[in-house]
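First up is the structure itself, then whatever we jot down about it.
Since we're looking at a predicted model, the values are computed, not measured.
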Number of protein chains: 2
Amino acid sequence: MKISEVSEQSGLSADTLRYYEKIGLLPPIHRSESGIRNYGEQDVRRIDFVKCMRSAGLPIEVLIDYFALVEQGDATIAARKMILQEQRAQLIAKMAEMQETLDLLNQKIQGYEEGVLKAEQALSENRLPAQAP
Amino acid sequence: MKISEVSEQSGLSADTLRYYEKIGLLPPIHRSESGIRNYGEQDVRRIDFVKCMRSAGLPIEVLIDYFALVEQGDATIAARKMILQEQRAQLIAKMAEMQETLDLLNQKIQGYEEGVLKAEQALSENRLPAQAP
DNA sequence: GTAACACCTGGAGTTAACTCCAAGTCAAGG
DNA sequence: CCTTGACTTGGAGTTAACTCCAGGTGTTAC
């Protein structure tokens with residue numbers, strides 16, 4: 001698979017794919033004789049994994065460390081598991097924060113709905129309401 | 001309230017508070033005669049709001065736009081509501097992505113748990129299992 | 001009065017994660 | 001043979017959001 005195909009399929013730009021390889025987030029991709037990258041199935045699977053983790057905000061550094069451990073074989077399974085557990089904990093925490101924000105946003109939006117309602121009522125009755133930020 | 005107190009109470013650094021003011025995310029804070037910021041209750045409430053929104057990843061730009069509308073009074077209520085709804089939609093989408101990542105992370109971790117289990121069994125029986133990244 | 005301390009400013013530096021660019025190579029079509 | 005277009009590289013530039021610093025001023029404690 002050429003870089004343009006992988007780019008299309010993954011939604012990551014070719015630049016990003018090369019960048020990921022350069023910094024070691026992807027392994028050195030096999031090349032044709034003329035030096036053109038040819039992504040294998042395993043590469044594509046890794047890219048999908050990376051994309052998923054990145055979309056949730058896991059830092060590239062962490063993923064690099066993780067894959068470095070994968071390279072080193074089964075002796076590192078415990079360490080890998082710890083990395084994933086740590087990231088999971090952070091993800092859960094972040095989602096909880098976002099839920100709080102979501103709740104507040106919902107409140108505010110509802111406040112505006114009610115505010116507008118009141119304002120409309122007031123307008124048709126010639127009164128003036130007010131609302132906080 | 002002095003900047004150090006607000007900093008302590010909000011968890012934002014004094015530098016960040018000044019930065020927020022400089023870029024217009026906070027209004028010009030009232031000063032003492034000698035030029036020292038004196039944050040009022042309203043400022044503190046706004047800072048809490050900003051902090052909450054920022055913790056969920058809402059861009060500063062969006063918040064600045066939002067507060068600019070607030071300044072302009074009730075005529076902008078519909079626009080404000082739209083901003084919040086848009087941000088809510090993005091937040092929900094992001095949380096869904098994170099949930100997917102969380103699911104995958106859970107799968108992987110469980111895979112490692114089972115993998116280790118198999119490995120331990122195999123070790124005590126002199127067999128060799130394997131596992132993917 | 002002076003030393004220590006919190007605060008001020010403008011501006012430079014940092015970080016993560018891309019993104020873009022110039023200049024070059026190669027394969028295929030006309 | 002020549003052009004077109006996808007690919008290559010190393011390196012520079014961008015963006016968001018801080019974070020730090022030097023140099024200066026005002027306030028407080030002794």
Worksheet, complete the sentence: Whole-Å distance, B:Asn38 CG to D:dG26 P, equals 18 Å
Response to the item:
chain A vs DNA chain C, heavy-atom contacts under 4.0 Å, first-to-last nucleotide span, 5' to 3', is C:dA17 to C:dC26
Worksheet item: CG/A:Leu17 to CG/A:Asp43 distance, rounded to the nearest 0.5 angstrom?
Response: 10.0 Å
Worksheet item: In terms of ring plane angle, is the pair A:Tyr66 and A:Phe49 parallel, tilted or perpendicular, where the classes change at 30° and 60°?
Response: tilted
Item to complete: Starting from the 5' end of DNA chain C, give me the residue, A:Thr16 or B:Glu5, whose nearest nucleotide shows up first.
Response: B:Glu5
Item to complete: Send over the distance from A:Tyr19 OH to D:dG11 P, rounded to a whole Å.
Response: 16 Å
Practice prompt. Could you state whether B:Met82 and B:Ile77 fall into the same hydrophobic cluster, counting links through intermediate Ile, Leu, Val, Met, Phe, Trp or Tyr residues with side-chain heavy atoms under 4.5 angstrom apart?
Written response: no
Discussion item. Let me spell it out: for each of B:Tyr20 and A:Arg31, pick the nucleotide of DNA chain D with the closest heavy atom. Which residue's pick is nearer the 5' end?
Written reply: A:Arg31
Worksheet item: For residues 46-55 of chain A, which residue pairs qualify under side-chain hydrogen bond (donor to acceptor under 3.5 Å, both in side chains), counting only residues two or more places apart or in two chains?
Response: none
Worksheet item: Quick one: on DNA chain C, does B:Asp15 or B:Lys2 contact a more 5' nucleotide (nearest heavy atom)?
Response: B:Lys2
Discussion item. If you define the side chain from C-beta out and look only at heavy atoms, does anything of B:Met1 sit under 4.5 Å from B:Arg37?
Written reply: no
Quick test: give all pairs of protein nitrogen or oxygen and nucleotides 27-30 of chain D nitrogen or oxygen below 3.5 Å, distance rounded to 0.1 Å.
unit_1	atom_1	unit_2	atom_2	d
D:dT27	OP1	B:Ser34	OG	3.4

Practice prompt. Select base, sugar-phosphate, or nothing to describe what A:Arg18 touches, counting heavy atoms under 4.0 Å on all strands.
Written response: base
Discussion item. Do B:Arg31 and B:Asn38 pair up side chain to side chain, a donor and an acceptor below 3.5 Å, judged on atom types alone?
Written reply: no
Practice prompt. Check the side chains of A:Asp103 and A:Gln107 for a donor-acceptor pair under 3.5 angstrom, ignoring hydrogens and angles.
Written response: no
Discussion item. Any salt bridge linking B:Glu113 with A:Arg80? Criterion: basic side-chain nitrogen under 4.0 Å from a carboxylate oxygen.
Written reply: no
Worksheet item: Which whole-number value in Å describes the distance from B:Ile3 CD1 to D:dG26 P?
Response: 18 Å
